[in-house]
Amino acid sequence: MSRPISCGSFSIRLLFLLTLGASAQTDFGQTRFICTSIPVDMDPMCSAPMQNSGPADDIKGTIMQLRETILQQKETIMNQKETIRELTAKLNRCESQSAPEPPQYGRGNTSSQSNSLKDLLQNKIEDLERQVLSRVNSLEDTKNLVKNESTENRGQKNSRPTNKFQITFPLRTNYMYAKVKKSLPEMYAMTVCLWLKSNASPGVGTPFSYAIPGQPNELVLIEWGNNPMEILINDKVAKLPFVINDGKWHHICVTWSTRDGVWEAYQDGLQRGNGENLAPWHPIKPGGVLILGQEQDSLGGGFDATQAFVGEMSHFHMWDRVLTPGEIYSLANCSSKTLVGNVIAWTEANVDIFGGATKWTFEACRQIN
């Protein structure tokens, strides 16, 4: 006669299944299962009569959850295996790419082509070295030549007049200029003469400018842009009929007096123009700075490259009186060697050069055709 199965029997079976599910990957040879009988009245699973389906449904639900958990773990393990496989493949590719490869110079290039390219580069380098060496030798030869000429000039210093020189301004810059060491006295009349050579266009620039504190345009000779050459005294302007940018030497003079501001302009010994009302009754002020080759926007500076003089200059003289037409003609034709400026005389000791302007030997009378 069979006995009815108690709730305690179901509890033993459930504990066995739970233990089996939790130990699915455990070595059963080292595991022991202990079954303990539980009285019917102490089994929490027997709180309801057997005819009720509640405990059976709970057991079935628990088994389904365990099964689902096992399937999810299995899927996770499979995904991890796939990830490991992909990482291993990437690692192999990285290791293969890290190996050094021979340089490639193009499809079909061979080691002989590589050597040919190397030889070509080496030849280019050698050619450049030869060119540099040639330039260095040329500069050294020029340096030695200048040094020898300088030595000869020093030996002839006592015999060569100090006024036979010119200043060259080869470029239109804002830093190349010459400075006259002497300043001007207060002048109620004035004559300025000089030799100029230029082919600059448009305009030869500013042969000279004299500035005083508070007035940079106290006395300026300028040819700027497409304008004619002008003389400025205390910012007042007179246009001068000079044409000198033909690459030839020209002798120019400008005279002026405070009385009615009368002025005259001479080119190559001949009067080319005259006028009046140029800063009348305004004497030229003393204590300023006289610059050759640049126009001053401030005392001794403020140069503008567009207004710089480009060309050659010599025999800059200034007097505090109006020279006669005969005196000016004799200066232009070198028939007077004793007439020199009593305010500014053209000597090397009176002029300093800056910024790359150069001094060269010059004989004014030899330039006359």
Side-chain angles (χ1 to χ4, degrees), residues 169 174 177-194 196 203-242 244 251-267 271-309 313 315-325 327-328 341-346 350-351:
F169 304 90
N174 64 349
Y177 66 100
K179 181 178 180 180
V180 178
K181 295 180 181 181
K182 297 180 63 176
S183 184
L184 306 185
E186 186 174 56
M187 294 189 297
Y188 294 84
M190 176 269 303
T191 299
V192 58
C193 297
L194 68 159
L196 290 177
V204 301
T206 308
F208 70 87
S209 65
Y210 176 69
I212 61 173
Q215 177 53 278
N217 296 324
E218 184 67 7
L219 176 60
V220 182
L221 182 67
I222 184 171
E223 185 182 80
W224 183 37
N226 295 316
N227 300 314
M229 184 166 282
E230 299 172 340
I231 183 75
L232 284 74
I233 298 178
N234 192 33
D235 256 336
K236 305 303 185 292
V237 182
K239 298 184 182 300
L240 307 178
F242 292 151
I244 61 173
H251 185 264
I252 63 173
C253 287
V254 179
T255 68
W256 167 85
S257 172
T258 58
R259 186 171 184 175
D260 296 327
V262 175
W263 62 270
E264 296 175 336
Y266 295 80
Q267 178 175 330
Q271 187 182 112
R272 298 296 179 92
N274 60 72
E276 59 183 20
N277 203 33
L278 175 60
W281 314 109
H282 171 83
I284 295 174
K285 303 295 184 176
V289 177
L290 180 58
I291 297 293
L292 306 180
Q294 294 284 354
E295 195 273 334
Q296 302 174 68
D297 285 336
S298 60
L299 187 64
F303 304 147
D304 184 348
T306 62
Q307 298 175 336
F309 175 73
M313 179 189 309
H315 290 271
F316 179 93
H317 293 272
M318 184 176 291
W319 295 260
D320 59 0
R321 65 181 181 89
V322 174
L323 296 187
T324 66
E327 289 174 320
I328 293 174
N342 66 333
V343 175
I344 300 294
W346 185 250
N350 284 343
V351 182

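Residue numbers run from 1 in the order of the sequence given.
Residues F242 and A265 come closest through the heavy atom pair CZ-CB, 3.7 Å. What you find for K182 and V343 is that their closest heavy atoms are NZ-O, 3.3 Å. The nearest pair of heavy atoms linking Y266 to P325 is OH-CG, 3.5 Å. For the residue pair T258 and M187, the shortest heavy atom distance occurs at CG2-O, 4.4 Å. G287 and Y210 get closest at one heavy-atom pair: N-OH, 3.5 Å. Of all heavy-atom pairs between F316 and F208, the closest is CE1-CD2, 3.6 Å.
The environment of CZ in R259 is sparse: at most 12 heavy-atom neighbours from other residues, nucleotides or ligands sit within 6.0 Å.
For N277, the side chain to side chain contact (heavy atoms under 4.5 Å, CB included) test picks out P280, with sequence neighbours left out.
In this structure, E186 and Y188 have side chains that are in contact, with non-hydrogen atoms separated by less than 4.5 Å. Side-chain contact check for V192 versus W256: every heavy-atom pair is 4.5 Å or farther apart. At a threshold of 4.5 Å between non-hydrogen side-chain atoms, the residues D320 and N342 count as touching. Using a 4.5 Å cut-off on side-chain heavy atoms (C-beta onward), I291 and V180 make no contact.
Atom CG of L184 and atom CE of M318 lie 5.0 Å apart (nearest 0.5 Å). Expressed to the nearest 0.5 Å, how far NE2 of H315 lies from CG of L194 amounts to 10.5 Å. Here L292 contributes atom CG and K179 contributes atom NZ; the two are 11.5 Å apart, rounded to the nearest 0.5 Å. A distance of 7.5 Å separates CD1 of I252 from CD of Q267, quoted to the nearest 0.5 Å. Expressed to the nearest 0.5 Å, how far CZ of F169 lies from CZ of F309 amounts to 7.0 Å. Taken to the nearest 0.5 Å, the CD1 atom of I212 stands 13.0 Å off from the CG atom of L290.
For R321 and E327, the salt-bridge test passes: some basic side-chain N is under 4.0 Å from an acidic carboxylate O.
Distance alone, capped at 3.5 Å, is enough to place a donor-acceptor pair between the D304 side chain and the T306 backbone. Panel note: side chain T191, backbone L323; a donor-acceptor pair is recorded below 3.5 Å. When atom types are taken as modelled, the side chain of N234 and the backbone of I284 share no donor-acceptor pair closer than 3.5 angstrom.
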Before giving the answer on side-chain contact (heavy atoms from CB on, under 4.5 Å), spell out for L219 and M190 the whole-Å C-alpha distance, their side-chain angles and the decisive distance to 0.1 Å. CA-CA 11 Å; L219 176 60; M190 176 269 303; 4.0 Å; yes
Intermediate values then yes/no, side-chain contact (heavy atoms from CB on, under 4.5 Å), W319 and C193: CA-CA 9 Å; W319 295 260; C193 297; 3.9 Å; yes
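Between the side chains of N174 and Q294, not a single donor N or O lies within less than 3.5 Å of an accepting N or O.
Tested against E218, the residues H282, K285, Q296 include a single side-chain hydrogen bond (donor to acceptor under 3.5 Å, both in side chains) partner, H282. The one candidate from L278, V220, N217, V254 that meets the side chain to side chain contact (heavy atoms under 4.5 Å, CB included) condition with I233 is L278.
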Only distances under 3.5 Å count here; give the side-chain donor-acceptor pairs of residues 225-232 to other protein atoms, sequence neighbours excluded, each with its distance to 0.1 Å.
residue : atom : partner : partner atom : Å
N227    : ND2  : W224    : O            : 3.2
E230    : OE2  : K239    : NZ           : 2.9

